[in-house]
Number of protein chains: 2
Amino acid sequence: METLSLPPQATPVGLAVDVAAFAMHGGELQVLLVQRGELPHARAWALPGGFVQPGEDLHEAALRELRTETAVTLEPRHLEQFYTFGAPGRDPRGRVVSVAHLAVLAHGTVQVTGGGHTLGAGWFPAHRPPPLAFDHATILTRALGRLRVRLEYAHLALEFLPDTFTLPELQRVHEAILDRPLDKRNFRKRLLAQGVLVPSGERRSGPGRPAQLYRRAKGTRTAAL
Amino acid sequence: METLSLPPQATPVGLAVDVAAFAMHGGELQVLLVQRGELPHARAWALPGGFVQPGEDLHEAALRELRTETAVTLEPRHLEQFYTFGAPGRDPRGRVVSVAHLAVLAHGTVQVTGGGHTLGAGWFPAHRPPPLAFDHATILTRALGRLRVRLEYAHLALEFLPDTFTLPELQRVHEAILDRPLDKRNFRKRLLAQGVLVPSGERRSGPGRPAQLYRRAKGTRTAAL
DNA sequence: TACAGTTCGTGTCATGGAGACACTTTCGCT
DNA sequence: AGCGAAAGTGTCTCCATGACACGAACTGTA
């Protein structure tokens, strides 16, 4: 079986992965972009991504690109494939099909120094990005849509925060993703009713009344599919 | 721009599409399978699919494979990409990445004669399929999951039926997809409240009380994404 | 033409989740 | 002590969902 090879109908294509990686910073939802150092679209901003290597799973490839192109310090808390872009003209170099991924990085991961063969990397407002290379604006829009959908019935928002967090912080994550304000009381009611949050007993001080700190309940890890 | 070519990092892979095509037949949800005529997995049943051709969009490739491998008579009413399978060992011939699609064929499309380089094609119970080649059992399971999700908030079930249909017929489609019975009164209440159905005035006779015929309301085409 | 068989069509009540809505509490700072 | 700032809290309404049983309309046959 291992000696079989690809039949002639299998016209080779370039297989790439692109990653829309999000994090919260300054109360805003940010997306990680790299500045391209090569043609095509040199000096343009783009989603981190690149070609899949032999024997490498799509998931692994997405992780590798994230690490080598952007020098982010932490592992993503969530990584999920969400759509494959394969229109014939989408890359001027030839036929490149890209499996787009959605990643969530925890708070505290936001320092980025650039790396690999890019000119740099940085965080940008996810809802108002700069002009992007290739069809990456489309990819980003769809990633945001997926993120919104995931909010409804998953615990994904928790992945943006440190292990321990306050309810107002969590609310700000939801608001940043949905790009609209939410009612405080309804938000708390809904979240607490889901039973995935456990008060840690601690409180956090600041300019105002201290907030109760919460922790995710055990056995509530997101199915990182 | 057109003279650029793929960089050396782009290790070539085989790019394929596979299609899980569903239709209603005999009150049951059926999936379209082909019997493979070539190695690997010769004589095994598999989802229709094959390699994408140069310059061909993924969507087009899925349509072509559906037509040439199975000689189905009608166009699918819905075609949607839902996941890309790219684990290194999934195909013994080498690195093959498959973009899996979900298709819905209208009632009346069920005659299938086989074609292309397969030994035949046929319909099988979607929830109890025969053993399948490659990782197609996994693909089918995920296609069914997607179909269920789509039922909740889309008009996808209508695509299984002819232009004009009765409410009990539509209910049977939902029941077949969910693989469980539904309450008649609640089902009618919910569907009619959605406002996507319009009584056509006609009735359909049979062994029992005649049923009201319905038609989809204008401007309610499924976003075939 | 009467009856049996078969399928279609209909309404109420209880429950649970979601959204609108305003004031009090607790702390830090001056 | 007082002020500013943010956290925390409860009620009511509305809508969607699910459980539940019987009469109505037609076909075919005796």
Side-chain angles (χ1 to χ4, degrees), chain A residues 24 26-28 107 148-158 161-162 164-215, chain B residues 24 26-28 107 148-158 161-162 164-215:
Chain A
M24 288 293 298
E28 220 186 347
H107 198 79
R148 265 191 294 271
V149 168
R150 281 277 179 265
L151 263 200
E152 290 174 13
Y153 63 105
H155 333 270
L156 189 53
L158 302 185
L161 296 172
T164 174
F165 53 89
T166 69
L167 273 179
E169 283 167 356
L170 183 57
Q171 180 172 348
R172 269 172 233 122
V173 174
H174 282 248
E175 289 175 331
I177 292 174
L178 298 174
D179 204 19
R180 69 181 164 90
L182 297 173
D183 180 86
K184 205 200 309 187
R185 287 162 291 189
N186 295 333
F187 179 79
R188 300 168 86 87
K189 208 192 320 173
R190 187 160 56 84
L191 266 286
L192 292 176
Q194 269 171 227
V196 297
L197 265 39
V198 166
S200 81
E202 308 281 313
R203 315 180 144 261
R204 168 166 309 165
S205 292
R209 177 172 174 176
Q212 176 63 253
L213 282 171
Y214 289 84
R215 191 181 297 283
Chain B
M24 289 293 297
E28 221 186 347
H107 198 80
R148 265 190 294 271
V149 168
R150 281 277 179 264
L151 262 199
E152 289 174 14
Y153 63 104
H155 332 269
L156 189 54
L158 302 185
L161 296 172
T164 175
F165 53 88
T166 69
L167 273 179
E169 284 168 355
L170 182 57
Q171 181 173 349
R172 268 173 234 122
V173 173
H174 282 247
E175 289 175 333
I177 292 174
L178 298 174
D179 205 19
R180 69 181 164 92
L182 297 173
D183 181 85
K184 205 198 313 188
R185 287 162 294 189
N186 295 334
F187 178 78
R188 301 168 85 87
K189 208 192 319 173
R190 188 161 54 85
L191 265 287
L192 292 176
Q194 269 171 227
V196 297
L197 264 40
V198 167
S200 80
E202 307 280 312
R203 315 179 144 262
R204 168 165 308 165
S205 292
R209 178 172 172 174
Q212 176 63 253
L213 282 172
Y214 288 83
R215 191 179 298 283

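Side-chain atoms are counted along with the backbone in the values below, which use heavy atoms only and exclude waters and symmetry mates. Proteins come first, then strands; the chains are lettered A, B, ... in the order of their sequence lines, and each starts at number 1.
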Nearest heavy-atom contact between B:Ala176 and B:Gly27 is CB-O, 4.2 Å
What distance separates B:Leu156 CG from B:His174 NE2, expressed to the nearest 0.5 Å? 9.0 Å
Is the shortest side-chain heavy-atom distance between A:Leu151 and A:Val173 below 4.5 Å? no
Could you list the residues that satisfy side-chain contact (heavy atoms from CB on, under 4.5 Å) with B:Pro162, not counting sequence neighbours? B:His107
Starting at CG of B:Leu182, measure out to CG of B:Leu170 and round the result to the nearest 0.5 Å. 10.0 Å
Check: B:Glu169 and B:Arg204 side chains under 4.5 Å, non-hydrogen atoms: yes
Test item: B:Gln212 and B:Pro168 side chains (from C-beta on) under 4.5 Å apart, heavy atoms: no
First and last nucleotide of DNA chain D in contact with chain B, 5' to 3', at under 4.0 Å to a heavy atom: what are they? D:dT17 to D:dT27
Rounded distance in Å - CD (A:Gln212) to P (C:dC27): 12 Å
Between atom CG in A:Leu178 and atom C1' in C:dG19, what is the gap in whole Å? 15 Å
Check DNA chain C against residues 179-190 of chain A and give the residues with a non-hydrogen atom under 4.0 Å, in numerical order. A:Asp183, A:Arg185, A:Asn186, A:Lys189, A:Arg190
Run the salt bridge (charged side-chain N to carboxylate O under 4.0 Å, His left out) test against B:Arg148 and tell me which residues pass, sequence neighbours left out. none
With B:Glu175, which residues qualify under side chain to side chain donor-acceptor pair (under 3.5 Å), at least two apart? B:Gln171
Nearest-0.5 Å distance that lies between atom CG in A:Leu192 and atom NZ in A:Lys189: 11.0 Å
What parts of residues 201-210 of chain B reach DNA chain D, counting only heavy atoms under 4.0 Å away? B:Gly206, B:Gly208, B:Arg209, B:Pro210
